[in-house]
Asker: 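Have a look at this one before I ask anything.
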2 protein chains.
Amino acid sequence: MRLDQDVRTLTAELVDIASESGNEKPLADAVEAALTRLGHLTVDRDGSNVVARTHLGRPERVVVAGHLDTVPIAGNVPSRIDGDRLYGCGTTDMKSGVAVQLKLALLTEPNRDLTLVFYDCEEVEAARNGLGMLVREHPDWVRGDFAVLMEPTDGEIEGGCQGTMRAEVRTTGVRAHSARSWLGVNAVHRAAEILNRLLAYEPRKPVVDGLAYHEGLNAVRIDGGHAGNVIPDECVVTVNYRFAPDRTEAEAAGFLAEFFAGFDVRITDSAPGARPGLDHPIASAFAAIVGGPPQAKVAWTDVARFSALGVPAVNYGPGNPEVAHKRDEYVELAKIVEAERVMTSWLT
Amino acid sequence: MRLDQDVRTLTAELVDIASESGNEKPLADAVEAALTRLGHLTVDRDGSNVVARTHLGRPERVVVAGHLDTVPIAGNVPSRIDGDRLYGCGTTDMKSGVAVQLKLALLTEPNRDLTLVFYDCEEVEAARNGLGMLVREHPDWVRGDFAVLMEPTDGEIEGGCQGTMRAEVRTTGVRAHSARSWLGVNAVHRAAEILNRLLAYEPRKPVVDGLAYHEGLNAVRIDGGHAGNVIPDECVVTVNYRFAPDRTEAEAAGFLAEFFAGFDVRITDSAPGARPGLDHPIASAFAAIVGGPPQAKVAWTDVARFSALGVPAVNYGPGNPEVAHKRDEYVELAKIVEAERVMTSWLT
């Protein structure tokens with residue numbers, strides 16, 4: 001794989017090396033070989049995860065990350081060009097981003113030290129995620145002052161991400177035969193107050209590092225009752241709280257405990273949000289080059305994995321998120337060129 | 001089986017002829033043979049269901065019914081006497097009642113025409129119930145002006161029974177990812193109003209034919225939601241309405257439609273109540289002999305099967321309902337004698 005070719009043909013070449021989740025090795029081999037050949041980068045590898053770094057002694061380090069895997073191929077490999085678009089599995093999510101990363105590897109004198117992270121298994125269950133593994137096992141490889149994850153954002157900056165927490169909010173009662181319901185206490189009826197509070201919930205919309213977030217608190221499941229003639233003695237409302245990155249997980253749990261005061265609240269799972277860090281000079285410079293107002297990322301994304309290392313992070317990539325995972329997935333060729341221009345300008 | 005023996009020893013003999021549900025044939029054979037030998041009764045049979053009738057041309061006909069089957073034997077057959085009690089499977093539920101029925105068969109000149117119904121499969125699923133079969137297939141065998149079902153009531157009259165109706169009350173919404181919950185509409189939150197109405201529900205307690213009933217309306221199940229990150233687009237509250245016998249099933253359905261106005265209400269199953277008919281002269285005479293205030297039956301019972309024929313009915317039997325279906329099931333011997341006295345006095 002030659003890195004000095006046009007970023008658009010490089011994208012096509014990456015698409016044509018199939019790399020469904022769990023089968024990234026051929027592509028990781030090609031990436032590692034191409035990076036090693038350049039000579040000015042330290043290249044580390046663990047499994048199908050490859051990390052390349054400059055060591056120029058710059059005061060700041062920028063991390064640019066992307067995943068090598070794709071969802072299952074659906075008759076859409078090899079890639080094909082049709083007009084202004086490149087079609088094929090992974091064109092938008094996210095081999096066009098990976099192509100831009102590889103072009104950045106050619107910069108021998110970037111204005112900040114540069115870390116390029118290529119990881120596996122992003123499209124499958126979180127436990128297999130390669131970036132998560134690197135953060136846990138090789139934190140020194142992926143540390144930096146600011147990170148850009150080149151997931152498809154249609155060429156806009158999506159900053160940070162919101163955290164997510166699930167909790168079971170529980171009522172109890174006293175079981176009885178429904179023919180003599182007054183001998184029991186109906187736990188489902190008692191859940192009315194939980195739902196009333198959810199209906200009255202007013203979401204916070206805090207501005208964090210210049211970006212406006214939008215929280216959410218919702219019942220995602222409710223379950224109570226045993227049989228058609230029994231007064232239920234338990235009802236469980238599972239709620240999902242999406243919280244802005246100005247709150248820690250502990251603060252989010254405290255909010256839920258207070259919001260559902262009087263009920264039994266059990267946190268069942270949780271993931272922290274990530275601050276966008278756009279108030280940092282490195283990030284401001286990046287935003288100025290991209291142009292247009294950055295958007296807050298409300299969904300949880302892999303950028304939050306950098307939070308564990310205290311690294312602010314944003315999503316920015318040439319792909320169109322609306323066609324990701326679709327059979328007719330495509331990327332606009334001009335967007336790849338534009339992303340390369342933005343990233344190169346920012347780092348030189 | 002000799003019917004001229006003491007009602008207590010007759011009960012013991014009935015207990016000792018095992019008759020778990022589905023295996024009533026030996027007992028039905030013995031009952032049919034004993035009744036046929038008497039000569040003054042018409043005896044009809046279908047399967048293990050036996051019906052014996054007088055044809056004296058009386059202006060009124062009384063039906064006395066009981067089931068021949070028991071729950072599974074649990075090391076408690078044959079019967080044994082201990083002090084004032086007869087122990088064994090079916091002693092209370094309801095071979096003591098059946099023994100009283102058989103003693104009534106000896107009355108050659110009852111003051112009302114008499115129908116004695118012995119049926120199978122009361123302790124198992126409703127579809128197999130012998131009384132239900134007789135009402136459907138042989139209504140002429142079981143018709144009358146008033147019926148007594150000799151289920152265990154501890155020697156009190158339990159009049160009529162309440163109806164039962166189940167309905168699904170449904171909300172709908174718009175599915176969305178919980179990270180952007182404002183793009184969806186949460187069907188579980190919308191169910192708050194259903195639960196609020198249930199919490200505010202005030203039960204009717206109407207007096208019907210002199211007995212005070214007590215209605216009930218309860219959620220017996222609630223179910224909504226798909227996954228931990230999806231805004232639910234449907235929530236179903238299953239409610240059970242227990243209604244007094246002054247309401248028909250149609251009226252009960254109308255009440256539910258009005259109570260849950262604005263929601264999708266679907267009736268899923270229903271069984272009518274039964275009026276106690278205690279304002280009828282036959283019934284008043286019966287209540288006077290039993291003494292003590294009759295109680296309204298709030299649970300659904302087989303007496304409601306007579307409602308399909310327009311026959312008011314009550315439960316009255318010598319057994320103690322609290323020990324039914326228990327391993328140490330028993331009946332007090334004096335209660336059997338008392339029940340025989342009441343029934344005989346009433347019918348002569």
Side-chain angles (χ1 to χ4, degrees), chain A residues 161-166 171 173 176-201 203 205 214-232 235-242 268-269 297-301, chain B residues 161-166 171 173 176-201 203 205 214-232 235-242 268-269 297-301:
Chain A
C161 79
Q162 296 199 131
T164 177
M165 179 170 284
R166 263 173 284 273
T171 61
H177 196 291
S178 63
R180 295 180 192 78
S181 50
W182 50 92
L183 300 180
V185 176
N186 195 315
V188 172
H189 296 190
R190 281 187 165 176
E193 174 62 14
I194 296 173
L195 302 188
N196 288 334
R197 291 189 198 174
L198 285 168
L199 267 179
Y201 167 75
K205 298 178 180 175
H214 189 154
E215 297 196 338
L217 177 59
N218 274 272
V220 289
R221 179 141 199 93
I222 187 167
D223 191 34
H226 314 278
N229 59 357
V230 178
I231 301 303
C235 184
V236 178
V237 183
T238 305
V239 300
N240 183 207
Y241 178 37
R242 300 286 177 147
T268 54
D269 75 274
K297 187 72 173 176
V298 291
W300 196 89
T301 81
Chain B
C161 79
Q162 295 199 132
T164 177
M165 179 171 283
R166 262 172 285 273
T171 61
H177 196 291
S178 63
R180 295 179 192 79
S181 50
W182 50 91
L183 300 179
V185 177
N186 196 315
V188 171
H189 296 190
R190 281 186 166 177
E193 173 63 13
I194 296 172
L195 302 188
N196 287 334
R197 291 189 199 175
L198 285 168
L199 268 178
Y201 167 76
K205 298 178 180 176
H214 189 154
E215 297 195 338
L217 177 59
N218 274 273
V220 289
R221 178 140 201 93
I222 186 167
D223 191 34
H226 314 278
N229 60 357
V230 178
I231 301 303
C235 185
V236 178
V237 183
T238 305
V239 299
N240 184 208
Y241 177 37
R242 300 286 178 148
T268 53
D269 75 274
K297 187 74 175 174
V298 293
W300 197 89
T301 80

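Keep in mind that the numbers below use all heavy atoms, side chains included, and drop hydrogens, waters and symmetry copies. First the proteins, then the strands, lettered A, B, ... as listed; each starts at 1.
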Asker: To the nearest 0.5 Å, how far apart are CZ in B:Arg180 and NE2 in A:His214?
Answerer: 11.5 Å
Asker: Can you name the residues that form a salt bridge (charged side-chain N to carboxylate O under 4.0 Å, His left out) with A:Arg190, not counting sequence neighbours?
Answerer: none
Asker: Which residues pass the side chain to side chain contact (heavy atoms under 4.5 Å, CB included) test with B:Ser181, sequence neighbours left out?
Answerer: A:Asn218, B:Ile231
Asker: A:Val239, A:Val188, A:Thr268: which one forms the most heavy-atom pairs within less than 4.5 Å of chain B?
Answerer: A:Val188
Asker: Below 4.5 Å from any heavy atom of chain A, which atoms of B:Glu215 appear? Answer side chain, backbone, both or neither.
Answerer: backbone
Asker: Check whether B:Val230 gets within reach of chain A through its side chain, its backbone, both or neither, counting any heavy atom under 4.5 Å.
Answerer: backbone
Asker: In the structure I gave you, are the side-chain heavy atoms of A:Trp182 and B:Val298 within less than 4.5 Å of one another anywhere?
Answerer: yes
Asker: Against chain B, work out which of A:Pro232, A:Cys161, A:Gly184 has the most heavy-atom pairs shorter than 4.5 Å and name it.
Answerer: A:Pro232
Asker: Give, as side chain, backbone, both or neither, the part of B:Arg242 having an atom under 4.5 angstrom from any heavy atom of chain A.
Answerer: side chain
Asker: Which residue out of B:Asn186, B:Leu195, B:Val220 racks up the most heavy-atom pairs below 4.5 Å with chain A?
Answerer: B:Val220
Asker: Is B:Cys235 close to chain A through its backbone or its side chain, or both, or neither, when contacts mean heavy atoms under 4.5 Å?
Answerer: side chain
Asker: In terms of heavy-atom proximity below 4.5 Å to chain A, should B:Ile194 be classed as side chain, backbone, both, or neither?
Answerer: neither
Asker: At a heavy-atom distance under 4.5 Å, which candidate from B:Gly225, B:Ala299, B:Pro203, B:Gly216 has the highest pair count against chain A?
Answerer: B:Gly225
Asker: Heavy-atom distance under 4.5 Å between the side chains of B:Thr164 and B:Asn240, does that happen here?
Answerer: yes
Asker: Could you tell me which portion of B:Asp223 (side chain, backbone, both or neither) has an atom closer than 4.5 angstrom to a non-hydrogen atom of chain A?
Answerer: both
Asker: Is B:Ala191 close to chain A through its backbone or its side chain, or both, or neither, when contacts mean heavy atoms under 4.5 Å?
Answerer: both
Asker: If you apply the rule side chain to side chain donor-acceptor pair (under 3.5 Å), what do you find for A:Ser178 with A:Asn229, and how did you get there?
Answerer: CA-CA 5 Å; A:Ser178 63; A:Asn229 59 357; 5.6 Å; no
Asker: Report the distance from atom CH2 of B:Trp300 to atom NE2 of A:His177, rounding to the nearest 0.5 Å.
Answerer: 11.5 Å
Asker: How far does CG of B:Leu199 sit from NE2 of A:His189, to the nearest 0.5 angstrom?
Answerer: 7.0 Å
